[in-house]
Amino acid sequence: MTSTPDLVVTRFAPSPTGHLHIGGARTALFCWAFARRHNGHFLLRIEDTDQARSSDEAARGIMEDLAWLGIDWDEGPTLQYQGRTIGGDPRSVAPFFQARRIDIYNDYINRLVEQGKAYPAFETPEELEAKRKAAVAAKQTYRYDRAALSIPPDERIRRMKAGEPHVIRLMAPAEEIVVHDEVLGDVRYAAGEMDDFVIRKADGFPTYHFAVVIDDQTMGITHVLRAQEHLNNTPRHVALQRALGFRTPVYAHMPIISNMDGSKMSKRDKAKAARAALADAMKKDASLTPAALAEKLSLDEKLIADFIAKENDSLDVAAAVARVFNVALPEIEVADFRDAGYLPEAIVNFIALLGWNPGMKLPDGKDLEKFDARFLAEHFSLDRIGKTSAKFDRAKLLAFNQDAIAALSPEDFAARWRAWCAEHAPEVLNLPPDRFAILAEAVRPRARTFRDALKPAAFALTPDDGYAFDEAAVKKVLLAPGKDNAPRGLDLLRDFTTTLRDIPATDWTPATLDAHMATFCQQKGVGPGQVAQPLRVALTGSTVSPGIGATLAALGRDSALRRIDRCLATISG
RNA sequence: GGCCCCAUCGUCUAGUCUGGUCCAGGACGCCAGGUUCUCAUCCUGGAAACUGGGGUUCGAAUCCCCAUGGGGUCACCA
């Protein structure tokens, strides 16, 4: 192993049991930024010691989520992303999947057992659970009672070697442990608080605590940045480091991100939202039995019944409910935000502000809060991480995303919206490129996310005879007598259409069309609204659409004229 | 419940370490106006907070103590 003495190495160590959680994304971002700021390495390690819940797909998904956010790792499993390779093993510290490091862990565990610093214990999970329940019932704090230590050492080892099912427990230290944390300061844990926790499970896999400590040491991790929910784990890790003779890395625990109501942001929130929507639907429609729902959602009836009864929080059911009943589920995982049409740069900016702040002013005296990953890589520091937990305010994220969308060049916005549409709304791509570009620009200030953009764009995606003319709009805008003796909307429309017919396709652009309308209005002595609104009703069926020039142009000359003709033919009077 | 952490507008926060420049600044949201062909964008203005109580000090959002509140964590999950 080659190592540079002062090389800063941070790591992000997700367990591959699902998509990347937004909170995990922030942890990864801070680890990445800290490494960049100090010209160090950011390492990605996959903690797959929970055999039942881990999967390779999940690991890959997490890597893609990170890459999408622009968080690249210098060391770790490799990923091909947009033509380049992320990851690698420049210091020879692989493997990066814990399941492939079992031999390493066992070496250290054997050493601890030989030294009497750890010992086998033979209780079954059921026995321990019973003891735990008894302690709770007696209002006592449960700690492992060291029953295994009453077995003579020789016999313990003999039974262990004979293959009797056992776990290995660390002999907890008898002294106080002080954890120095870069954001919280010294955190003290009194002697005797810690019990002899398990470091190797009966299935032979190390527990999280043990694997983390071994890996952080053998991978040369110098700085551990993680969420505060891990703070209480840290004394265990320090105890382990001392027993093993390892150094202690620098710790920095960052505040937790929670929902607006203070509850923890979790994947279960999606199930909760779906369940509420389902309950609502079932109340309104008595025919929606679990059996009927199974049909409707094309899922197993038992799964659905259990979901309703809160027996499970199946993400499949939640997703199906969202789709079929057209309800929005809260975004929790990075993939949710991507699907909803958020920009990675907006997400990065927003989550960076959840618990960190540059503390800088703009020239106009306002606080600096808009920045990108490059800025973070230059300015991120531990001492500006806050201590208070942060609530995830979607309204503010939406505002950030809207600003990020506004900051894009028209070409960039069109290209990126197109890429999103290709995945989530392919029908939009049926438009010819020039009209797509016009539509994109028209829709941009009306969209806070890519998905949002679909709504104001809808008029351009329906067939020319595929929409109805809103009755109230027709009455008010087309048929009502004009103000101040002006002609009715319908007559103005008919009149202006003559002008429109004379405009060649080559001039059919938003600016030119707007200019023609302005001229027409001047000639007729009417306000722009008196022409634009009737036109809008004819073109879209409603009184709401982008600017009239853009609306006409996004439709294209043929389509626009066809729509007006249909309106004129349909609405008479 | 034990242990641990935290405490500035509804929310994210600046200010706290190095007490006075803070009758507390910014942003989102909200409210009210304005621009505009609708919707939206955009512009202007407004309401809105130092959890409470004790200290220390000439002086406390800033330092100390207590109370209260919130959160985390107590697995052969990570």
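Every chain is numbered from 1 and lettered A, B, ... according to where its sequence line falls, protein lines coming before strand lines.
Nucleotides B/C12 and B/U18 have their C1' atoms positioned 26 Å apart, rounded to a whole Å. Between B/A48 and B/C6, the two P atoms lie 31 Å apart (nearest whole Å). A gap of 10 Å separates the P atoms of B/A7 and B/U51, to the nearest Å. Spacing between B/A40 and B/G29 at atom P, rounded to whole Å, works out to 13 Å. Comparing the C1' positions of B/U56 and B/A14 gives an interatomic distance of 27 Å, to the nearest angstrom. Between B/C50 and B/U8, the distance separating the two C1' atoms is 4 Å to the nearest Å. To the nearest whole angstrom, the two C1' atoms, one in B/A61 and one in B/G20, are 13 Å apart.
Picking from B/G26, B/C5, B/C76 the nucleotide with the shortest atom distance to the side chain of A/V187 gives B/C5. Nearest to the side-chain atoms of A/R132 among the listed nucleotides B/G29, B/G72, B/A75 stands B/A75. Picking from B/C37, B/C3, B/C76 the nucleotide with the shortest atom distance to the side chain of A/T207 gives B/C76. Considering only the side chain of A/A395, B/G29 comes nearest among B/A14, B/G72, B/G29.
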Could you list all N or O pairs between the protein and nucleotides 41-49 of chain B that sit under 3.5 Å apart?
none

Would you tabulate the pairs of protein nitrogen or oxygen atoms and nucleotide nitrogen or oxygen atoms of nucleotides 6-13 of chain B closer than 3.5 angstrom?
residue: B/C12; atom: OP1; partner: A/K391; partner atom: N; Å: 3.0
residue: B/C12; atom: O2'; partner: A/L353; partner atom: O; Å: 3.3
residue: B/C12; atom: O2; partner: A/K396; partner atom: NZ; Å: 3.3
residue: B/U13; atom: OP1; partner: A/G355; partner atom: N; Å: 2.8
residue: B/U13; atom: O2'; partner: A/N357; partner atom: ND2; Å: 2.8

Kindly give the atom pairs (protein nitrogen or oxygen, nucleotide nitrogen or oxygen) under 3.5 Å for nucleotides 19-21 of chain B.
none

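A/F350 meets the ring pair (Phe, Tyr, Trp, His ring centres under 6.0 Å) test with A/F392, A/F400; sequence neighbours excluded. Qualifying salt bridge (charged side-chain N to carboxylate O under 4.0 Å, His left out) partners for A/R45, counting only residues two or more places apart in sequence or in other chains: A/E47, A/D215, A/D216.
Rounding to whole angstrom units, CD of residue A/E441 and C1' of B/A40 are separated by 14 Å. Between the P atom of B/C76 and the CG atom of A/D196 lies a distance of 12 Å, rounded to the nearest Å. Atom CG of A/N232 is separated from atom P of B/C5 by 9 Å (rounded to the nearest Å). In this structure, the CD atom of A/E129 is 8 Å from the C1' atom of B/A75, given to the nearest Å. As a whole-Å value, the separation of A/L368 CG from B/G25 P is 19 Å. Look at CD on A/Q530: it is 10 Å from C1' on B/C37, rounded to the nearest Å. B/A75 atom P lies 14 Å from atom NZ of A/K131, rounded to whole Å.
In terms of position on RNA chain B, the residue among A/A202 and A/K370 whose nearest nucleotide sits closer to the 5' end is A/K370. Each of A/D514 and A/F400 was matched to the nucleotide of RNA chain B holding its nearest heavy atom; the match closer to the 5' end belongs to A/F400.
In this structure, A/R169 satisfies the cation-pi test against A/Y144, with its NZ or CZ atom closer than 6.0 Å to the six-membered ring centre and inside 45 degrees of the ring normal.
Regarding contacts with the backbone of B/G72, every side-chain N or O of A/K264 stays at 4.0 angstrom or more from both OP1 and OP2. The shortest distance between the side-chain N/O atoms of A/R188 and the OP1/OP2 oxygens of B/C4 is not below 4.0 Å.
Using a 4.0 Å cut-off between a side-chain N of Lys or Arg and a carboxylate O of Asp or Glu, A/E345 and A/R416 qualify as a salt bridge.
The stretch residues 47-60 of chain A touches RNA chain B through A/E47, A/T49, A/D50, A/R53, each having a heavy atom within less than 4.0 Å of the strand.
For A/A243 against A/L112, the heavy-atom pair with the smallest separation is O-CD2, 3.9 Å.
Donor-acceptor pairing under 3.5 Å, judged by distance alone, is absent between the side chain of A/R200 and the base of B/C76.
Aromatic ring orientation, A/F122 versus A/H166: tilted (interplanar angle from 30° to 60°).
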